[in-house]
There are 2 protein chains.
Amino acid sequence: MTTTDKECPMHKTALLLSDPWTMLLMRDLLTGPRRFCDLERSLVGISTRTLTLKLKKLEEERMLKKSKEGTYVITRKGKGLAPVERAMRRYGEKYL
Amino acid sequence: MTTTDKECPMHKTALLLSDPWTMLLMRDLLTGPRRFCDLERSLVGISTRTLTLKLKKLEEERMLKKSKEGTYVITRKGKGLAPVERAMRRYGEKYL
DNA sequence: CGGCATCCTACGCGATACTG
DNA sequence: CAGTATCGCGTAGGATGCCG
C-alpha cells in the first residue's frame with residue numbers, strides 16, 4: 001500500500017518539483033554557479049518575477065545559496081538532485 | 001550551455017511532471033493496475049475532477065491505458081518512469 | 001462504483017515599469 | 001546588472017451535486 005501523506009519521501013520530492021521551472025533551474029546550477037542574468041537567459045521565457053521567487057524559495061529550502069560575488073551556487077542538498085536530473089533527462093531522450 | 005527550448009529532453013520531462021499529482025499517480029500504477037476508487041483513496045486529497053483530468057491526459061499521452069475490466073494499467077512508456085520515481089524517492093529519503 | 005458538469009477561488013506567472 | 005512592485009489574467013484544482 002502506497003502513501004500520499006506529507007511524510008512520504010516521494011510526496012515531498014514531487015511537491016518540491018511540481019512546477020516547470022525548479023528542475024530546469026537546478027539543472028543549470030548543477031553545471032556551475034550562475035548569475036541572475038545568466039539564468040534569465042538560459043531559462044527562456046521565465047520572467048524576472050518568477051525567477052526571483054524561485055531563487056528565494058530554493059534558497060530558503062537550502063537547495064542553493066548566494067555567494068559573496070552574487071552568483072547562485074548549488075548546495076549539497078541541491079547536488080543531491082543530480083540522479084533525478086539524470087533520470088529525467090534520460091526519460092525524455094528515450095520516450096518524449 | 002544548457003537549453004530550455006521545447007526540444008530539450010529535460011524540459012519535456014519537467015513539463016510532464018510539473019504538477020503534484022502526476023508522479024504520485026504513476027508511482028501507484030507502477031506497482032500494479034488500479035481502479036478509479038483505489039487511486040482516489042491512495043492519492044489522499046485529490047478531487048474526482050482532478051483525478052479524472054489527470055487520467056485522461058496521461059491516457060492521451062499513452063502513459064497508461066484503461067483495461068477492459070476498467071482498471072488503469074501502466075504502459076511501456078509509463079514504466080519508463082520507474083528510474084525517475086526511484087531517484088525522486090531516494091532524494092526524499094535522504095534530504096527531505 | 002466511476003465518473004461528468006458547474007461553480008468558484010487561489011495563485012502561478014508574464015508583462016511592464018521603476019530603482020540602486 | 002540585479003532585482004522590486006504592481007497589475008491582470010489564465011487555469012489548475014477543490015467542493016458539490018447528479019447520474020447510470
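Quick note: numbers below take in every heavy atom, side chains included, and nothing from hydrogens, waters or symmetry partners. Given the structure is predicted, the values throughout are model-derived calculations rather than measurements. Here is how names work: the chains are called A, B, and so on, in the same order as the sequence lines, proteins then strands, and each is numbered from 1.
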Separation of A:Arg35 CZ from A:Thr71 OG1 (nearest 0.5 Å): 9.0 Å
A:Thr50 side chain, from C-beta outward: closest of D:dT4, D:dG3, C:dG14: C:dG14
Sugar-phosphate, base or nothing in reach of A:Thr52, heavy atoms under 4.0 Å: base
Inter-axis angle, terminal five-pair segments of the helix from C:dC1-D:dG20 to C:dG20-D:dC1 [nearest 10°]: 40°
Beyond-backbone contact of B:Thr13 with A:Tyr95, side-chain heavy atoms, under 4.5 angstrom: no
Phosphate OP1/OP2 of C:dC13 contacted by A:Ser47 side-chain N/O (<4.0 Å): no
Side-chain H-bond candidate by donor/acceptor type, A:Asp19 with B:Ser18, under 3.5 Å: no
Atom NZ of B:Lys79: over 12 foreign heavy atoms under 6.0 Å: no
A:Arg41 side-chain N/O to D:dC1 phosphate OP1/OP2 under 4.0 Å: yes
Candidates A:Leu25, A:Asp38, A:Leu39 - the one meeting side-chain contact (heavy atoms from CB on, under 4.5 Å) with A:Tyr72: A:Leu39
Listed nucleotide nearest any side-chain atom of B:Thr48, set D:dT16, D:dG14, C:dG14: D:dT16
Nearest-neighbour nucleotide for the B:Arg49 side chain, D:dG13, C:dG2, C:dG12 considered: D:dG13
Short side-chain N/O contact to D:dT11 OP1/OP2 from B:Lys57, under 4.0 Å: no
Short side-chain N/O contact to C:dC13 OP1/OP2 from A:Lys54, under 4.0 Å: yes
Among D:dC1, D:dG13, C:dC13, the one nearest B:Asp19 by side-chain distance: D:dG13
Touch class at under 4.0 angstrom, heavy-atom based, for A:Gly45 against every strand present: sugar-phosphate
Distance in Å, B:Leu96 CG paired with A:Met63 CE, rounded so as to fall on 0.5 Å steps: 7.0 Å
Minimum side-chain heavy-atom gap A:Val84-A:Leu17 below 4.5 Å: yes
Residue A:Trp21, side-chain heavy atoms: nucleotide from D:dC1, D:dG13, C:dG14 that is nearest: C:dG14
